[in-house]
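Notes to accompany the following structure.
Quick note on labels: first sequence line is chain A, next is B, and so on, each numbered from 1.
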Amino acid sequence: MARHLITSAIPYINGIKHLGNLVGSQLPADLYARYQRGRGNEVLFLCATDEHGTPAELAAAKAGKPVADYCAEMHEVQARIAQGFRLSFDHFGRSSSPQNHRLTQHFAGRLAEAGLIREVTEKQMYSRADGRFLPDRYIEGTCPNCGFESARGDQCDNCTKQLDPVDLINPRSTISGSTDLEQRETKHLYLRQSTMRQQLQDWIDSKTDWPILTTSIARKWLNDGDGLQDRGITRDLDWGIPVRKGDQDWPGMEGKVFYVWFDAPIEYIACGAEWAEANGLDAPAWERWWRTDKGASDVTYTQFMGKDNVPFHTLSFPATILGSGEPWKLVDYIKSFNYLNYDGGQFSTSRGRGVFMDQALDILPADYWRWWLLSHAPESSDAEFTWENFQASVNKDLADVLGNFVSRITKFCRAKFGEAVPEGGAWGEQETALIETLTARIRTYEALMDAMEVRKSAQELRAIWVLGNEYLQSAAPWVTIKEDPERAAMQTRLGLNLIRLYAVLSAPFIPDASAAMLAALHSDDAAWPEGDLGAWLGALPADHTFTVPEVLFGKITDEQREDWQTRFAGIRT
RNA sequence: GGGCCUGUAGCUCAAUGGUUAGAGCAGAGCGCUCAUAACGCUUUGGUUGGGGGUUCGAGUCCCUCCGGGCCUACCA
């Protein structure tokens, strides 16, 4: 039995995520986790909220709440929505957990001992009115190059020139609007990634099967300009993990916290510890997933993320792990995704454009979204959500091809034989051929799922559904029942068993519908069809009862589509 | 500016340098009547963004031009 450690990029605590965020990490990670569990493998699937950093502090202030309270509340909100989408995390942790505090400080201490940390005194903009240092993005002013009045401290959106905040004319804080800014000296810790460049390069070069998107971003950072740069890993903020060297104070760093991008990936590991604690397990229980010296050497670790997260997962986090000199589990495969656009533009959290996770669940069940998003996952390039495409795909694939198949066979059986699997008859050539075709397609489906080819897997699964309709059409039990009732019984029995097959194969994509199908068949056996498919398709025996299910997938009407199109075009209310 | 990705049928996407560039949807025709006006079969549709080159052979590799997107290190 293989062991799979799976993590999804951890969503930022600041607000509810949109469908683009969902399809870029959590949803494909869940697909893979469910599939691996379905195949009987041992899985630990971890996710968490990423809670530190300036935006969290500002969002809390805006909500008029202490930042710790705000994060606790938003964590619950995100956890509930994740549950709504049936994201099957073994644990949904928090980067603000005590476990992550300890582990982050531990890593910093190890890196310091290894000589991989240097202290840098630098000047940074401080806003007296806001009482805080301002990241460059939070300073606006007039661009010295083009005169654009809303140029940001790091870059001018108008002329795209890179800027330094001190170059801005009339600089002001975007938080308060205050112009009472000054440069202050402050001391920070830098991770000396540059000294590890060759080691990281060799490691990346060894990953020949990774998505181009993943390796090309990593190479760009390794080789651009002077090569990989050292990275600041501390910030002057109140909310975060206090800078400590293991369990020791760090002289000169009092009142400072680690940078969110330093502690966020470490939360993947800490989340394992949180999972163990939440389930009453001891340290060895999570260490056997994360420490190659404590049982994790046979673990395959796969990370899922959007392309914006790639540099941190291919470089900074591996640098942290390698630099520690300790045998922590390194990632084996990074599956990265492009962006999903919304109706001709970008999803925008700040402008409330597009569909957000809570709204999506308000209007349709999770399976509709899961199916569309996964079957259109932005793997090779950015993808686009349009309501027309969504309506057409979901109606055709889920309602017509799969839902109607379940409906026609169960209703036929009820009408002719009653609500129990009919007895009699034996398979003929048609059935043997069907099973042969199905077996080949299932093996292809498995290979695609193993390779995390999300779109192609969905395509293959759909083709497997279609085989059921083709079989029914050519077998035509509504005809054979007139001259050969035993044959019709056999055909119907196979049809009912196909529903069970579809329930099991489809569970990673559409878990609720899958459960509804199994429930209708009064079956709780969801074992994957390994080995002889013919035998597997005889699992529902004669006389086994079932219930004709409710409509599995209702169709999206034109009125609904138009209504939603209007509703989600503008500003989120 | 630099780097990377991308452009294939009306739409969404496939195609380790190797038969005649394939699927699904939409369109057209036929069949079926168990079923959610559903299903099945057949079928129309392409100068692979433009131009040049390498090669026995190019959607694929190289050059160039045009269009779309992302990243560019203190947002996360």
Side-chain angles (χ1 to χ4, degrees), chain A residues 9-14 50 52-56 58 122 124-125 133-139 152-155 159-162 164-165 188 193 212-213 215-217 219-221 223-225 228-232 235-236 259-261 264 306-312 315-316 338-339 341 346 349-350 375-376 378-384 386 388-389 392-393 395-416 453 455-456 458-459 462-463 466 468-479 481 488 491-492 495 548 550-555:
Chain A
I10 63 179
Y12 198 65
I13 193 70
N14 179 12
D50 177 14
H52 298 133
T54 310
L58 298 180
E122 55 196 6
Q124 219 174 344
M125 295 300 271
F133 282 94
L134 295 178
D136 296 352
R137 288 229 168 169
Y138 287 93
I139 301 165
R152 287 195 321 238
D154 55 344
Q155 189 178 40
C159 66
T160 72
K161 252 294 197 271
Q162 305 244 358
D164 198 289
H188 283 296
Q193 301 181 126
I212 295 170
L213 184 64
T215 50
S216 63
I217 292 174
R219 289 211 171 83
K220 153 83 170 160
W221 281 56
N223 301 317
D224 193 40
L228 187 61
Q229 301 296 299
D230 292 345
R231 186 144 197 142
R235 291 291 183 274
D236 290 293
Y259 174 42
V260 56
W261 261 117
K307 56 185 167 185
D308 50 333
N309 279 337
V310 168
F312 304 98
L315 303 168
S316 313
N338 287 283
Y339 290 148
N341 291 320
Q346 293 192 334
T349 305
S350 53
S375 61
H376 293 79
E379 290 178 295
S380 56
S381 65
D382 290 354
E384 168 126 339
T386 64
E388 287 82 0
N389 186 304
S393 300
N395 284 354
K396 192 71 191 173
D397 299 348
L398 297 182
D400 294 346
V401 176
L402 178 62
N404 183 53
F405 174 77
V406 172
S407 184
R408 65 195 294 204
I409 189 72
T410 52
K411 285 183 179 169
F412 178 78
C413 186
R414 181 174 64 184
K416 307 296 180 186
E453 292 275 6
R455 276 180 186 241
K456 289 180 185 171
Q459 225 169 38
R462 186 192 191 279
V466 167
N469 282 314
E470 283 174 6
Y471 171 71
L472 275 193
Q473 192 63 34
S474 63
W478 51 91
V479 173
I481 194 159
Q491 292 166 335
T492 306
V548 173
E550 295 295 305
V551 166
L552 220 46
F553 296 100
K555 293 201 191 188

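Among the atoms of the strands shown, none is found under 4.0 Å from any heavy atom of A:N223. Within 4.0 Å (heavy atoms only), A:E122 reaches at least one base atom of the nucleic acid. A:E388 comes within 4.0 angstrom of nothing in the nucleic acid, heavy atoms only.
A:D230 has its CG atom 11 Å from the P atom of B:rC74, to the nearest Å. Distance A:N395 CG to B:rC25 C1': 12 Å, rounded to the nearest Å. Across the protein-nucleic acid pair, A:D382 atom CG and B:rC71 atom C1' stand 12 Å apart, rounded to whole Å. Put simply, NE2 on A:H52 is 16 Å from C1' on B:rC75, counting in whole angstrom units. Rounded to whole angstrom, the span from the CD atom of A:Q124 across to the P atom of B:rC75 amounts to 10 Å. B:rA73 atom C1' lies 19 Å from atom CZ of A:R219, rounded to whole Å. Rounded to a whole Å, the CG atom of A:D308 is 12 Å from the P atom of B:rC70. Between A:Q193 atom CD and B:rC74 atom P the separation is 10 Å, expressed in whole Å.
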Base contacts versus sugar-phosphate-only contacts with protein, heavy atoms under 4.0 Å: please encode nucleotides 2-9 of chain B as B, S and - from 5' to 3'. BSSSS---
Across nucleotides 34-39 of chain B, 5' to 3', mark each nucleotide with B, S or - according to how protein heavy atoms within less than 4.0 Å reach it. BBB-SB
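Taking atom C1' on both B:rA21 and B:rA38, the two are 33 Å apart, rounded to the nearest angstrom. Taking atom P on both nucleotides, B:rG24 is separated from B:rC41 by 9 Å, rounded to a whole Å. Separation of the P atoms belonging to B:rG10 and B:rG27 is 15 Å when rounded to the nearest angstrom. Separating the P atom of B:rC13 from that of B:rC56 is a span of 37 Å, rounded to the nearest Å. The C1' atoms of B:rU20 and B:rU48 are separated by 15 Å, rounded to the nearest whole Å. Only the P atoms considered, B:rU47 is 48 Å distant from B:rC74, to the nearest whole Å. For B:rU64 and B:rG17, the P atoms lie 22 Å apart once the distance is rounded to whole Å. Comparing B:rG3 with B:rG45, their P atoms sit 43 Å apart, to the nearest whole Å.
For A:Y339, the side-chain atoms get nearest to B:rC71 when compared with the rest of B:rC71, B:rG69, B:rU12. Comparing B:rA76, B:rU12, B:rU72 by their closest approach to the side chain of A:V260 singles out B:rA76. Comparing B:rC75, B:rG69, B:rU12 by their nearest atom to the side chain of A:Q346 picks out B:rG69.
Checked against side chain to side chain donor-acceptor pair (under 3.5 Å), A:Q459 has no partners two or more places apart in sequence or in another chain. A search for side chain to side chain donor-acceptor pair (under 3.5 Å) contacts involving A:T215 returns nothing, not counting sequence neighbours. Every residue was checked against the salt bridge (charged side-chain N to carboxylate O under 4.0 Å, His left out) condition with A:D50, not counting sequence neighbours, and none meets it. By the side chain to side chain donor-acceptor pair (under 3.5 Å) test, A:N338 pairs with A:K307, sequence neighbours left out. Looking at residues two or more places apart in sequence or on another chain, you find no salt bridge (charged side-chain N to carboxylate O under 4.0 Å, His left out) involving A:R414. Applying the side-chain contact (heavy atoms from CB on, under 4.5 Å) rule to A:Q346 yields the partners A:N341; only residues at least two apart in sequence or on another chain are considered. With sequence neighbours excluded, the residues that form a salt bridge (charged side-chain N to carboxylate O under 4.0 Å, His left out) with A:D400 are A:K555. Scored by the salt bridge (charged side-chain N to carboxylate O under 4.0 Å, His left out) test, A:K416 finds no partners at all (sequence neighbours excluded). When the side chain to side chain donor-acceptor pair (under 3.5 Å) test is applied to A:R152, the partners found at least two apart in sequence or on another chain are A:D154.
A donor N or O paired with an acceptor N or O is not found under 3.5 Å between the base of B:rC13 and the side-chain atoms of A:E384.
Side chain of A:Q124 to main chain of A:F133: no donor-acceptor pair is present (N/O by atom type, distance under 3.5 Å, no hydrogens or angles). Looking at A:S407, its side chain never comes within 3.5 Å of a backbone N or O of A:G403 through a donor-acceptor pair.
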Would A:W261 and A:N309 satisfy side-chain contact (heavy atoms from CB on, under 4.5 Å), going step by step from the backbone distance to the final call? CA-CA 10 Å; A:W261 261 117; A:N309 279 337; 3.2 Å; yes
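In this structure the side chain of A:F553 never reaches within 4.5 angstrom of the side chain of A:V401, judged on heavy atoms.
No hydrogens or angles considered: nothing links the side chains of A:S393 and A:D397 as a donor-acceptor pair under 3.5 Å.
Phosphate proximity of B:rG40 to A:Y471: absent, as no side-chain N or O sits under 4.0 Å from OP1 or OP2.
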Wobble G-U and Watson-Crick pairs count when both distances are under 3.5 Å; given that, what is the 5' to 3' dot-bracket string of RNA chain B, with | for pairing to other strands? (((((((..((((....[...)))).(((((.......))))).....(((((..]....))))))))))))....
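In this structure, A:R455 and A:R462 both approach RNA chain B, and ranking their closest nucleotides by distance from the 5' end singles out A:R455.
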